[in-house]
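What follows is a short report on a single structure.
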Amino acid sequence: MTDQQTTSGRQVEPAEDAFRDELAFLAAYDSGRKPPGWLLTPRAAVTFVMGSDALTLPDKVAGLPARMTISPKFVGERALVERAVITLAGERGLLLVGEPGTAKSMLSELLAAAVSGTSQLVVQGTAGTTEDQLRYGWNYALLLAEGPSARALVPSPVLTAMRTGGVVRVEEVTRCLPEVQDALVSILSDRRIAVPELSGTDDATVHAAPGFTVIATANLRDRGVSEMSAALKRRFNFEAVGPIGDLAAETALVRRQATAALDRVAAPFAIDDIVLEALVTAFRDLRTGTSVEGWAVERPTTVMSTAEAVSVATSLGLANAYFTSDRDPLSLLPGHLLGVVRKDDPTDAARLLAYWDGAVRRRAESGTHTWRRLWDLRDVLDQ
Amino acid sequence: MVLSESDGAGGSAGGALDALVGHRAPYLIGVRHHSPALAAVVPALLEVAAPEVVLVELPEEMGEWLPHLAEPGLSAPVALSGAGRDGGGLAFYPFADFSPELAAIRWAAEAGVEVRTCDLPLSRHGEGYRARQAEATPLADALRRKVTGRDHDDLWDRLVEAAAPGQTPEAIRRAALYVGWALRTDGSVDPFDLRREAWMRQVIAETGGRACAAVIGSYHAAALLGGDPVEQEPASQREVITSLVPYTFAMLDERSGYPAGIRDPEWQQAVLAAAGDPGGVEAAAAAVIVRVCVRVRELGHPAGPGEAREALRLSVDLARLRGLPAPGRSEVVEAIQTVLTHADPLGRGRVVAKAAGDVLVGKRTGGLAPGTPRSGLAPSVEALLAELRLPGPDSRDTVELRLDPARSDRDARREITLNRLALLGVPYAESTSTAGVGGTDAITTRWTATWTPATAATLPVAGLWGATLPLAAAGRLRARRADRDGHTAGEVVADLADAARCGLDDLVSDILADAATVLPASASLTDLLAALDLLDRLRAGHLPGGNHLDDDLPRVLETAAVAQLDGLAGSESPADARSLVELGQRHDAHGTGLRLAAALRRLTEDGAPLIAGAATASRVLLGLLPPTDLGDRAASLVDNATTTSGRDTLRGFLTGCLAAAEPLLESPEALTPLLDRVAALADQDFLDRLPTLRAAFATVGPTPRQRITAVVEQHTGARIDTGHDPEVMARWVAAEQAALAVLAAHGLRHGQFSAPPQEDDREPAAHQGITPVTRWRLVLGSRDDVGGETRRYAAALDELYGMDRGEGADRHGVGGGRGTPFPNTRQWAEELGELFGARVREEVLAAAVEGGRVDAALQIDPDAVRPSVDLLRTVLALSGGLPEATVARLRPLVARLVRELTAQLAVRLRPALTGISLPVPSRRPGGGLDLRRTVRANLATARRGDDGRLIVLPDRPVFRGKARRTSDWRLVLVVDVSGSMEASTVWSALTAAVFAGVPALSTHFLAFSTEVIDLTDHVDDPLALLLEVSVGGGTDIAGALRHAKTLVTVPERTLVVVVSDFEEGGPIGPLLAQVKDLVATGVSVLGCASLDDTGAARYSTAVAAGLVAAGMPIAALSPLELATWVGDKVRA
């Protein structure tokens, strides 16, 4: 997650555009051996994701600065990124799993940009995703008019990636129906797609060019959606992406993103650090099941993701900006937490009460002003 | 690796490091106790250095064992240990082939060089290390960031072990000294370390200038260059016993809980065998990965050569990316995790972890060389017994002991010793239980102890667990815990009790940590209260080993117990009501939490009557509700008790309230509205409710009932309990009986005056003016003079409720009508009908059946009875233990009940199960294009192209949806019959029968406790099915699901419905794994916490929460809701 802002008219800039300079610099910086079809060496790809101190180019290259600091983009373990890069270097499928809001999609985007220079080949998995989004579809008008031909064939992002030897991303793969997911099995093992309609022509089989591989992401918490088949699982290496480990890092991230969200509506973000820290602390306690102090906390089934914390912080900020401060943001916090927690399971509200009984009350007893205030606000929770 | 570029401090590090490396007196080999990299090069290094003396970092007392360690006949692993005579462990040094010290000792023995110990003697250890705050470690952190970017990564492993293959011995020595130097530079040095190092310097000085090599911890190396003298503690008089015992790899593994271990010994051994050759290490990695895959396959999960190949590639490439010559332990483990576990910590993750553990830890066991002196557990126990004056090898007499651990220090030590021996399974002493006064915990204990040949034979075997009694006991308990595949709540509580009894403080804190995670996740309310009770005893000092208690755990457990409350909503057991009240009382001590208040309010509103009653009472006790509200609610229920269900509600509610009878009576105003109401009822209305009220009050023990009586007396202003001599009363009753007989003889028998007992709605014998006092006598079954006609009521009810239970109960029945026993049940049943009417008669008889009276069941008229699941359930519960002949007589009743109930249910369920639709052509892209339909739908767009061909523009393409098979759905009902004949069981059988009638569905019925019985053959005949079910036994849901899995052929069209209270008897891990497995194959799984019409269930919320997370939704369903779910799934 980054602070780099661009002035173009897009809400979100894809990674390869946002970090074009860094990618070009790293390509010039490390000229070691690259896996076929790769833009960067594996080591440079890890550096791109994790960031580094100032690096100096060995030889001057026109249009590039001599020294550059690579910004850290992913807050997490270096070893995980190393494994992910090595997995891709072996042209094997990479599956990033984790709770919602753990920056899986961002990581997959960064990896795709670092490996093949584009993160645009992407399939969004939904219950409505069909096989032609993973294989190929037809331009039906042309198909009826001319019969099957290479011209009438509409390639999927997967097919495009196979032709170009790039990385294709499949987001939320577990949301696809099982029979649709299984289309990936043959692609990942045979590395080719047969187009029976074009049999007899050169286009009857599309072979994967070197470098082709798949990065898929999946949510651990998506219950009731399609599980992946064992056959598909065996064709992926799995990496579990965890939530951010450090309170300060997470608070900073929440502040940054909430500020950015308020910037968009040209409102200042005027929430105290104390409030934000209380918010992030509560989220972390409920997410991990252990409070900062080491007390046990009963976890709600709802996901307490960083993204969710950002949205609460944004709401607090917006409330503060639009309803000029007749109520302090802290007093709104319990209500917002209840709103977040209640989403899935009504018994989660009871778990929030238990959190108030335990951690909040003990902190209030130890005399912290913020927590004493939150304890006083307990009636909001119990309607 | 090149150290100078490792970090910014390289410059200053270089100088210090050169000094260490170049030092010659002594020649420094900085090691870690286990290090294959160094163990492999130590002989070569020593060969070059050619010392005359080799110093090893062992305390002076261990010196005597050095020759035995060097014996060629010794096979590692072995362990040296030093312990006090009293059994306190002081030091522990396990050795494996990959221990550099052992390599040095072996080299010296072969080369004929002297070996000496150089560490501080155990007798001078004093306080040892102090517990220290974690300090900032900037240098180590910087290094770590550089190497892997993981916190808590093992620097030694990264910089020495992983980098070693292909390096020269000298480079490895340098890297090892560097890591030690870096760690030392980072923080302050413990004073104890300073004292140890001063001692080492002194030993070096004593070598008197002979060429000397020191094999010491690399952390200490820098201190041997010189330092200030340190004042040593005087040698203590404490006798130290050292021993050399065989050891195992399982115990050597760091995670076993034994001290001074290392991760994955078998891997370390393989690295040692590779002897620094990168190709050899890579081959070892390949071998390990392949064996892990084989083991995973043996455990029943797929893991083929393809995955093994990928894991090896990943580990080798990772090593290359990280600049290592060959994959280290970390790369191998990371690769196995990434490729094999599928990020599934429950199912596959556990299997892979187990397989990796089996392969990487290994099963190697060491042995001592022949001729090594005897040491270890047996001699130390014999000495200990002698010291405690307990029977030892010289006396074979049985000794009776009465120990008072609280008063006498020696008794406390004896008690602990005997408990430890018992834990080790050494046949020596047996505890004969004692109970304290009034059933409280006993303070003194009794034992019978004898030294037998069996004792002598078992001790050396137990010695494998440790060289002294406390170590062995701790080891035994640790092994017991490690052998389990996850702990159940009951096991944790038992372990805790054992560890506390044996005074194993270290383990107590471990187990407490476990308890904090296991108990909230899986314990039932009863387990939690038991654990809390145990903690109270520990805190009170009734058990040793309670030194590690903090305030957190009880709070955590209480919180968990509160979380369990939601699962009580459907309970009908008074024991649960009592638990609920007890929990409330516990919380009263430190204030009621928001959640408890909310949970109690919910239970009051939605719970089954019994639980609602207990919850209401608890709320009154906790001051959350004014006392009169309780009375008002009870009074209103009295008003509503005009129907059978109304009376059931009243009975449940009052029973629940009365679970809190004793504390509740502190505020008698709670009862006032109820008293008023009962007094104000019309006679007939009172009599209708009398059996219900009596049943509720019969659950209270006599002592609290006396108190209730007192309250009633106070309220009505009349005395109730005059304590008449039962014999006098019996005579009165006999006189009345005689009078009745005379009346009968003259054709004037009382019964003939009232209408004959035929119709349901007939008027029972009318009685006027039963006074409030008499009413309460009847309700409470008071031992008082109940006059005239009312005595018949009392007598009729005493037949059922006359025997007392609970506090203060004696063996004699207590009751107002005592003395008129009915000659047989038929007469009693007739009397009931006459007094209370047919409907109430049926209720009382049903209550009698519930109480175990078969004869009462035979009095129920099959044709007249109102079919209810409750009645069916009680009759069925009874029929389990009956002779075949009696069952045959009950059969018409059961048959009619089942028939009627099934018919009623079928009417309700059928709509939900019919109307399975066929797929329609779809406009959604997918499947194939339906050309004919498309052309037909788009004819309007047809036009001629420029070349004259006809072109159809498919504006609205039509696709062929995948045809769905509508038959062959399989429904597996997995029904828990472990507890009792639950209403859910009966409903399941009835529902299954209805499902069996649906053609598109094949229905299976599995009844399980610890065994699984497939009753699918009987599924269309609920009567046979229900009579086949035998109730009782433990709960093994995981086993039942394993069986259910064998019934799955097409996972997508299989529904597995588990009906259970989810109080799993085994560990919860395998259960979750089974559920995960089922869900992963695509089976639709549903858990029913109850399957009945109330919608309130009694179940373990903790386990349920785990199952929900594993993918099994859990709800309390009515059969109709279940049918709707099944219908929706099939139609989908």
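Computed from a predicted model, the values in this text were never measured in an experiment. Letters A, B, ... mirror the listed sequences (proteins, then strands); counts begin at 1.
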Which value, rounded to the nearest 0.5 Å, describes the distance between [X] atom [atom1] and [Y] atom [atom2]?
X: B:E334; Y: A:E82; atom1: CD; atom2: CD; value: 7.5 Å
X: B:N938; Y: A:L144; atom1: CG; atom2: CG; value: 8.0 Å
X: A:K233; Y: B:T341; atom1: NZ; atom2: OG1; value: 10.5 Å
X: B:L594; Y: A:W375; atom1: CG; atom2: CH2; value: 4.5 Å
X: B:R322; Y: A:I86; atom1: CZ; atom2: CD1; value: 8.5 Å
X: A:T87; Y: B:L318; atom1: OG1; atom2: CG; value: 7.5 Å

Which of A:A145, A:A84, A:A354 touches chain B most, by non-hydrogen pairs under 4.5 Å: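 Top option by heavy-atom pairs under 4.5 Å: A:A354.
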Could you pull out the closest heavy-atom pair between A:R351 and B:A1105, with the gap in Å?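 Heavy-atom minimum between the residues: NH2-CB, 4.1 Å.
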Least distance between heavy atoms, B:A563 atom then A:E298 atom: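 Minimum heavy-atom separation between B:A563 and A:E298: CB-OE1, 3.5 Å.
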Show your working on side-chain contact (heavy atoms from CB on, under 4.5 Å) between B:R555 and A:R362 and close with a plain yes or no. CA-CA 11 Å; B:R555 292 282 284 264; A:R362 290 177 73 169; 4.2 Å; yes
Can you say whether [X] sits under 4.5 Å from chain A via the side chain, the backbone, both, or neither, judging by heavy atoms?
X: B:A311; answer: neither
X: B:R602; answer: side chain
X: B:E1052; answer: neither

Counting distance only, does the side-chain N/O of B:R595 pair as donor-acceptor with the main-chain N or O of A:L353 below 3.5 Å?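 Flag not set: sc B:R595 to bb A:L353 has no pair under 3.5 Å.
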Please identify, among B:R320, B:R313, B:Q337, the residue contributing the most non-hydrogen atom pairs under 4.5 Å to chain A.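 That would be B:R313.
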Can you list the residues that meet the ring-ring contact (aromatic ring centres under 6.0 Å, His included) rule with A:F238, with sequence neighbours excluded?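 ring-ring contact (aromatic ring centres under 6.0 Å, His included) check on A:F238 returns B:H342.
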Listed partners of A:R43 passing salt bridge (Lys or Arg N to Asp or Glu O under 4.0 Å), at least two apart: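 With sequence neighbours excluded, A:R43 shows a salt bridge (Lys or Arg N to Asp or Glu O under 4.0 Å) to no residue whatsoever.
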Counting only non-hydrogen atoms closer than 4.5 Å, does A:V46 touch chain B with its backbone (N, CA, C, O), its side chain (CB onward), both, or neither?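 Only the side chain of A:V46 comes within 4.5 Å of chain B.
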For A:R191, look at atom CZ and say whether over 12 heavy atoms of other residues, nucleotides or ligands are found less than 6.0 Å away.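 Yes, because the 6.0 Å sphere around CZ of A:R191 holds more than 12 heavy atoms from other groups.
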Between A:R92 and B:L314, is there a side-chain heavy-atom distance shorter than 4.5 Å?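 Answer no - side chains too far apart.
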